[in-house]
Amino acid sequence: YPLQGSVRQEPPNMDFAQRYLEKYYNLDKIEKQMFKRKDSSPVVKKIQEMQKFLGLEMTGKLDSNTMDVMLKPRCGVPDVGGFT
Amino acid sequence: TFPGSPKWRKTHLTYRVENYTPDLPRESVDAAIEKALKVWEAVTPLTFSRLSEGEADIMISFAAGEHGDFYPFDGPGQSLAHAYPPGPGFYGDVHFDEDEKWTLGSSGINFFLVAAHELGHALGLFHSDKKESLMYPVYNFSKSPAHFRLSQDDIDGIQSLYGPHPYSGVIVVPTSSVSPRTEIPTKCDPSLSFDAVSPLRGELLFFKDRYLWRLSHWNPEPEVHLISAFWPSLPSHLDAAYEANSKDRVFIFKGTQFWAVRGSEVQAGYPKSIHTLGFPLAVRKIDAAVSDKETKKTYFFVGDQYWRFDEKRWLMDKGFPRLIRDDFPGIEPQVDAVLQAFGFFYFFHGSSQFEFDPNAKMVTHTLKSNSWLLC
């Protein structure tokens, strides 16, 4: 990918979203490294997996609808894979 | 269900509330948990009883932040609680995040709704992707506890693990938490048998499955009630019950446990093990029990034998067990229930009842078990 002009300040959502996917959707290490380039297909897939489970439109993006649901209180048990 | 579909290998489970949140009165926490358990009890063969000490199958606690299980809570909001699938030790346990504002209403986080969800996990349910389900992961107060209903997805999930409630019949009995119907046994069914029978403060209680008929002096028509309407923490499908009249206690038996109730109060420190009464460990359940008001001796019937227990000394008498047929000729094992009335012992065995004269040492009448219910 071409280097971006300036280092963008990651929106807080990105960190929050990464932690959410780690905690509840088994986002693994490899996917985690790729997370910052959020258009990479494994991460898009992971976001779509979450959107599908939560009954959201599967945009593959952290759109406001998706973020709204992710910010709601919820059960601490993962949605995929159970506790390790 | 969780990966591998872990489930409990028994249908009677114990639970214990280890600590309480300062947000709610203890009684409200206890009542909400009992109500949440009844949600699952109503659609499965599962029954629950509460321990006040020791290790229970489902240990329930409140904690904030790091609480020793590698899944620290995260302050107010976000993760509200979590629970582990069925199994030994910490499996089956439920943890609530103390940093939430636990309430009984729509403000804050409604404790009953979250407890019902987490107990679903403790019984083996994973998350549902159906928004209307209790097991949907995101908290949603749209359904107030008073009108709470399990969704079909929840019911299908839990019944895939444990099957339906034994009486998922068709006669409507309005229950607060689930739509499926439960069937009151028909009191004048000629094949009716009882699980247990006991006096209580001058009334007579006839126990069957999840119900009891209550016979009082001022109402010749027996009333039918859910056992849980009087004693929410008691299991259903009891084995035996008797009244220790001088102590104003009714002792209720199921499996190797027994409870003491005083009126509608379940006494603290129960259930206890029947082996604390002096039964050998080989005894795994009591079939029937009756206490003689005069002699203050209690008779426990197990298979073709019986024991005699001294209520004054709270000790099993020596020289027991003895064979039932040696001292109660004409009474065939297995005894379902026993009642003492009018100087006779009434032995219930299936749909028949045998009136036994302890002086003449013989059966004087044979009746239908439900003759007491005006049938």
Measure [X] against the heavy atoms of chain A and call it side chain, backbone, both or neither at under 4.5 Å.
{"X": "B/Y136", "result": "side chain"}
{"X": "B/D74", "result": "side chain"}
{"X": "B/E118", "result": "side chain"}

To check you understand the geometry: which heavy-atom pair defines the closest contact between [X] and [Y], and what is its length?
{"X": "A/Y24", "Y": "B/S79", "result": "OH-CB, 3.6 Å"}
{"X": "B/K131", "Y": "A/L54", "result": "CE-O, 3.2 Å"}
{"X": "B/D129", "Y": "A/F53", "result": "CB-O, 3.1 Å"}
{"X": "A/K72", "Y": "B/V138", "result": "CB-CG1, 3.6 Å"}
{"X": "A/C75", "Y": "B/H121", "result": "SG-NE2, 3.4 Å"}

Checklist outcome for this item: residues 63-71 of chain A vs chain B, non-hydrogen distance cutoff under 4.5 Å, contacting residues -> A/V69, A/M70, A/L71

Checklist outcome for this item: Separation between NE2 (B/H127) and CZ (A/R74), nearest 0.5 Å, reads 5.5 Å

Next on the checklist: Assess the residue pair B/Y71 and A/V77 against the criterion (side-chain contact (heavy atoms from CB on, under 4.5 Å)); give the C-alpha distance rounded to whole Å, side-chain angles, the decisive distance to 0.1 Å, and a yes or no.
Outcome noted: CA-CA 9 Å; B/Y71 287 90; A/V77 172; over 6 Å; no

Do other residues, nucleotides or ligands put more than 12 heavy atoms under 6.0 Å from [X] [atom1]?
{"X": "A/E57", "atom1": "CD", "result": "no"}
{"X": "B/K10", "atom1": "NZ", "result": "yes"}
{"X": "B/Y162", "atom1": "OH", "result": "yes"}

Checklist outcome for this item: Sequence neighbours excluded, the answer for side chain to side chain contact (heavy atoms under 4.5 Å, CB included) partners of B/A32 is B/F111, B/F112

